[in-house]
Structure formats: C-alpha cells, structure tokens
Amino acid sequence: MCRSLGVWGCEGMGVVTSFRELRVYRDAFRASMDIFALSKSWPKEERYALTDQIRRSSRSVFANVAEAWRKRRYPKHFTSTLTQADAEAAETQAWLDCAVACGYLDQEVRDALNTTYDRIIGSLVKMRHNADRWCGPSNIVREEHAAYFAD
C-alpha cells in the first residue's frame, strides 16, 4: 500500500523502498544540479565564497533527505535530519538572493528556483510533521540481522 503524504507521495510506485524514490529527494537533487550548472559562469573570485556556499547548501538538502531516510527508525533523528535539510534549503534561497543582488543570476531564474525550494521546504515540513507515517514503532521497523565478517 502506498503511503501518500500529499505534496510528494509515492506517485503510484507502491511502498517507497529507497530515498531515491522520494519526490523531495529528486526535486532537491535536480535543483542542486541546476545551481551547479548556473554557477559555472560566475566570476572566479566567487569560487571560494558564493559559488562554494550555494553549491554546498543545495547539495546538503538532498544528502540530508537520504540520511533522514536511513534514520527513520529513530523518530527524533529522522525529524532532526529533516530539519537540517529544511535549514539548508532556506540557506540556498538566501544565496540565490545574493546571486541576484550581485548580478550573477536573473531574477526570473531565481524566482523559479525559489519556488522549487519553497516546494521542497513544504515537503520536508509535511514529512517531519507526519514522521509517525515514516517511522514505525521500534518493534515493527527493524533491519534483519546481518552477519559481519572481519579478516
């Protein structure tokens, strides 16, 4: 059964089995790649400042979604990591504002990316507020035992 949570549900794929199936992950990944491509043309003097900051914050959004997915058996860790993803998305929006103010990015491009990040933030908030749908009780959501071998 698909656990649709509205903004980013399962899109008919059945139960989500990987973070890569989450719409919020895919949206954040695509937005980050768009920012990477756009920032390639920014001045060299911004390489270790604005360019580096916006690339790092945008990449951190989808990376934190992936991390939260793996922490979903622990509701507090899950929601904490989603909160970090939310904060990184907001930081990315701030850097987009800076890129416009510096003349490196057109307002229309910024507006489109900002809308995407608003949707991502909305999805993260909804996911966080519905954590019980993702974080099953500890007696139900468990990994099977795995044997570890060391040489």
Side-chain angles (χ1 to χ4, degrees), residues 1-40 49-101 104-150:
M1 168 188 281
C2 180
R3 293 190 267 185
S4 179
L5 297 179
V7 177
W8 55 275
C10 302
E11 299 177 343
M13 296 173 23
V15 174
V16 176
T17 60
S18 167
F19 62 86
R20 289 182 185 96
E21 296 172 12
L22 299 171
R23 185 182 317 154
V24 68
Y25 173 87
R26 293 190 316 261
D27 287 350
F29 187 88
R30 271 192 302 272
S32 178
M33 294 301 103
D34 289 346
I35 287 170
F36 176 78
L38 290 165
S39 64
K40 283 182 177 182
L50 176 60
T51 304
D52 184 54
Q53 291 289 349
I54 196 167
R55 286 178 179 179
R56 285 175 184 255
S57 65
S58 67
R59 289 172 178 167
S60 187
V61 179
F62 68 82
N64 275 300
V65 170
E67 185 176 342
W69 177 256
R70 296 302 300 165
K71 291 182 176 182
R72 70 191 185 281
R73 82 185 73 187
Y74 309 107
K76 290 182 181 178
H77 289 294
F78 178 76
T79 57
S80 175
T81 308
L82 290 177
T83 298
Q84 186 61 38
D86 181 357
E88 294 290 344
E91 180 181 341
T92 301
Q93 288 179 309
W95 291 123
L96 289 168
D97 293 343
C98 185
V100 169
Y104 308 146
L105 194 61
D106 291 334
Q107 184 69 43
E108 291 123 20
V109 174
R110 177 256 178 221
D111 290 348
L113 282 165
N114 193 61
T115 298
T116 297
Y117 277 100
D118 281 344
R119 187 174 62 248
I120 290 166
I121 289 168
S123 296
L124 293 168
V125 168
K126 189 164 189 170
M127 196 173 182
R128 216 172 50 234
H129 288 151
N130 292 289
D132 59 320
R133 292 184 179 179
W134 296 99
C135 302
S138 61
N139 64 344
I140 295 173
V141 180
R142 292 184 183 256
E143 276 187 336
E144 293 188 25
H145 176 72
Y148 294 94
F149 301 97

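One-based numbering along the sequence shown. Given the structure is predicted, the values throughout are model-derived calculations rather than measurements.
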Residue pair [X] / [Y]: nearest heavy atoms and the distance that separates them:
X   : Y   : value
S58 : T92 : N-OG1, 3.2 Å
Q53 : E91 : OE1-OE2, 3.7 Å
F78 : A68 : CD1-O, 3.1 Å

L124 vs N64, side chain to side chain contact (heavy atoms under 4.5 Å, CB included): CA-CA, chis, key distance, verdict: CA-CA 11 Å; L124 293 168; N64 275 300; over 6 Å; no

When rounded to the nearest 0.5 angstrom, what is the spacing between [atom1] in [X] and [atom2] in [Y]?
X    : Y    : atom1 : atom2 : result
R72  : R70  : CZ    : CZ    : 6.0 Å
W69  : M127 : CH2   : CE    : 6.5 Å
I120 : R26  : CD1   : CZ    : 12.0 Å
S123 : R23  : OG    : CZ    : 7.0 Å
S57  : W95  : OG    : CH2   : 8.0 Å

E108 CD: over 12 foreign heavy atoms closer than 6.0 Å: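 No, the 6.0 Å shell around CD holds no more than 12 heavy atoms from other groups.
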
Y117 and I35: CA distance, side-chain angles, deciding distance, side chain to side chain contact (heavy atoms under 4.5 Å, CB included) verdict: CA-CA 12 Å; Y117 277 100; I35 287 170; 3.7 Å; yes

Measuring only between side-chain heavy atoms, which start at C-beta, is [X] closer than 4.5 Å to [Y]?
X    : Y    : result
W134 : T79  : no
Q93  : I121 : yes
S32  : V61  : no

Counting only N and O atoms by type, is there a donor-acceptor contact under 3.5 Å from the side chain of [X] to the main-chain atoms of [Y]?
X    : Y   : answer
D86  : L82 : no
R110 : A99 : no
Q84  : S80 : no

Intermediate values then yes/no, salt bridge (charged side-chain N to carboxylate O under 4.0 Å, His left out), D27 and R30: CA-CA 5 Å; D27 287 350; R30 271 192 302 272; 2.8 Å; yes

Partners meeting side chain to side chain donor-acceptor pair (under 3.5 Å) with T115 (sequence neighbours left out): none

Plane angle bin for F29 and Y25 - parallel if under 30°, tilted between 30 and 60°, otherwise perpendicular: parallel

Step-by-step side chain to side chain contact (heavy atoms under 4.5 Å, CB included) determination, R59 to F36: CA-CA 9 Å; R59 289 172 178 167; F36 176 78; 3.3 Å; yes

Trace of the salt bridge (charged side-chain N to carboxylate O under 4.0 Å, His left out) decision for D52 with R56: CA-CA 6 Å; D52 184 54; R56 285 175 184 255; 2.9 Å; yes

Test applied, side chain to side chain contact (heavy atoms under 4.5 Å, CB included); reference residue, L96; option that passes from L113, L38, V109: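 Exactly one pass, corresponding to L113.
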
Pair S39, R55: side-chain N/O donor-acceptor within cut-off below 3.5 Å: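 Looking only at side-chain atoms, R55 and S39 do form a donor-acceptor pair, the distance falling under 3.5 Å.
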
